[in-house]
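A quick write-up on the structure given underneath.
These numbers come from the heavy atoms of this one structure, side chains and all, not from hydrogens, waters or symmetry mates. Note that this is a predicted model, so its numbers are computed, not measured. Chain identifiers are assigned alphabetically (A, B, ...) following the order of the sequence lines, protein sequences preceding nucleic acid strands; residue numbering begins at 1 within each chain.
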Protein chains: 4
Amino acid sequence: MIIELDLQSDIPIYTQLMDQIIEGIANGALQPGESLPSVRSLAADIGINLHTVNKAYTLLKQEGFIQVHRKKGVVVVDKNALPSTTEDYLSRVRKQLRPIAAEAICRGLSEEQLNEMIKQLYSDIQQKDRE
Amino acid sequence: MIIELDLQSDIPIYTQLMDQIIEGIANGALQPGESLPSVRSLAADIGINLHTVNKAYTLLKQEGFIQVHRKKGVVVVDKNALPSTTEDYLSRVRKQLRPIAAEAICRGLSEEQLNEMIKQLYSDIQQKDRE
Amino acid sequence: MIIELDLQSDIPIYTQLMDQIIEGIANGALQPGESLPSVRSLAADIGINLHTVNKAYTLLKQEGFIQVHRKKGVVVVDKNALPSTTEDYLSRVRKQLRPIAAEAICRGLSEEQLNEMIKQLYSDIQQKDRE
Amino acid sequence: MIIELDLQSDIPIYTQLMDQIIEGIANGALQPGESLPSVRSLAADIGINLHTVNKAYTLLKQEGFIQVHRKKGVVVVDKNALPSTTEDYLSRVRKQLRPIAAEAICRGLSEEQLNEMIKQLYSDIQQKDRE
DNA sequence: GTGGTCTAGACCACA
DNA sequence: GTGGTCTAGACCACG
């Protein structure tokens, strides 16, 4: 799986890294049980700081996407094992979406267009799954 | 219009302020042509520094939501005057939604559920508009 | 002569007013010896503050474009009476043009294009003279 | 590269700083990809506050002259990457030049003399480029 | 009185 | 160590 980082972006590198890994899990590029590279090797591979990779891994672990095995190292959790649609999670998503929706209303982007966009994203992200 | 800030949040105050004002414009609490309070008075009202308010105003101006009128002070721009659905804007929204969608897929939140959430947000935000 | 002000502009109103009057002198809309409206009436006409008009007039007087007669009020000076191409003036123009030229170079706007633009401005401004 | 500021000037320090940096880019003193000093060190060097430097950098970033790279710090963008001669840009230049041209007409500075001045500025600014 | 500019000092997130 | 954010206090230009 290829990690693409934008060092010019205002999004922190560790966040970008998390997002990419989560997307990898979503589209099946990272299968449940699969091992992620060690902090050290991943950092070297993509040319970033150890701390940065470490921070991403730590947060991913906290959110339940990965687990640290003593032997296998960092492994991907089964999607189905994730606590789905917690109320906590739902309200977090709502908070994330709210300002996006507000701006969309101001700019005349309709509910339908936004939903269409989400539909495209879903199929776009899951696309690689079918390969 | 009431501004609610969470000073503990990891979202910068000026961003929260921007979001609230944009939502105010979206729901009609802030009508086109209406003047916003001066940086000083708003800062005093909500108990933050005037520079923080100023930063929010500056960014909102830059994004076209408000204008600084030399006589009327800070003025709300007409929603319809905003360049709606620029390709730039659409791709920005897509970038914002992508990680949200990816996580949703992992957590088993379906496209339909997300759509429903957006529908609720739209009606929730626009609610005051109907008054 | 019609004065057009942009209250949204970041250029101070008094500067805009000066610019318009100078352009009026340049294109002959304001003839030498002609009287300008009084501070009071001009302010009322264009709906701005007395102080603002006053400041513009004061600066124009300082720069030699207008004179204050005890009887006729504010009158336009003859262009030819202006101290032309002082070294002071030339270096001031150079200072104004320098950053414009620097940015033009960065953005790949050629010397010729810039000169062409000036040519157009000259004919554009003097156009009304022919009417 | 040497930065020269006039703290007595009525031109804001951050604007002067921007102008100097843009000129540095124009004349090749600042090469594409080169890193600018950090806000702190530059502020210390030229004896101004870091927020003032920061404002200049922020605006330069906004106008596309520099980018903030998460590893390299503040980096000069390739001139060729700048969107050259946008209609927006051209009309902005026109607005800047208009009052200059108007005054020039009043003072009897001919089109040719202005053109000559621009020619000199171009060669003056680009001078260092040839070294 | 308002916004714009500048300074100063502080904390935190990031790498 | 770097940029990002926030606060505080001050002066000036503008209207």
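- The distance from atom CG of D:L36 to atom C1' of F:dG3 is 14 Å, rounded to the nearest whole Å.
- Atom-to-atom, CG of B:D10 to C1' of F:dG4 comes out at 14 Å; the value is rounded to the nearest Å.
- Atom CE of A:M18 is separated from atom C1' of E:dC14 by 15 Å (rounded to the nearest Å).
- Within a 6.0 Å sphere centred on CD of D:Q62, heavy atoms belonging to other residues, nucleotides or ligands number more than 12.
- What separates CD of A:Q8 from P of F:dT2 is a distance of 19 Å, to the nearest Å.
- For the pair D:T86 (side chain) and D:Y89 (backbone), a donor-acceptor distance under 3.5 Å is absent.
- Across the protein-nucleic acid pair, D:D45 atom CG and F:dT2 atom P stand 12 Å apart, rounded to whole Å.
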* **Where protein sits on nucleotides 7-15 of chain F, one letter per nucleotide: B base, S sugar-phosphate only, - none, heavy atoms under 4.0 Å** => BBB-B--SS
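- For the pair D:K72 NZ and E:dC14 C1', the interatomic distance rounds to 18 Å; values are reported in whole Å.
- Look at D:N54 and you'll find a side-chain N or O under 4.0 angstrom from OP1 or OP2 of F:dG4.
- Between D:R98 and D:E103, no side-chain nitrogen of the basic residue sits less than 4.0 Å from a carboxylate oxygen of the acidic one, so the salt-bridge criterion is not met.
- Counting only distance, with no hydrogens or angles, the side chain of A:Q96 and the backbone of B:I100 share no donor-acceptor pair below 3.5 Å.
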* **Working for side-chain contact (heavy atoms from CB on, under 4.5 Å), residues A:L50 and A:R40** => CA-CA 6 Å; A:L50 282 179; A:R40 197 167 292 273; 4.3 Å; yes
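- At distances below 3.5 Å, not a single donor-acceptor pair connects side-chain atoms of B:Q67 with backbone N or O atoms of B:K61.
- Paired runs in DNA chain F that reach 3 or more consecutive Watson-Crick or G-U pairs, where each pair keeps both distances under 3.5 Å, cover E:1-14 with F:1-14.
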* For the pair C:V76 and C:I21, evaluate side-chain contact (heavy atoms from CB on, under 4.5 Å) and give the outcome as yes or no after the intermediate values. => CA-CA 10 Å; C:V76 177; C:I21 291 174; over 6 Å; no
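- Within 6.0 Å of CZ on B:R92 lie more than 12 heavy atoms contributed by other residues, nucleotides or ligands.
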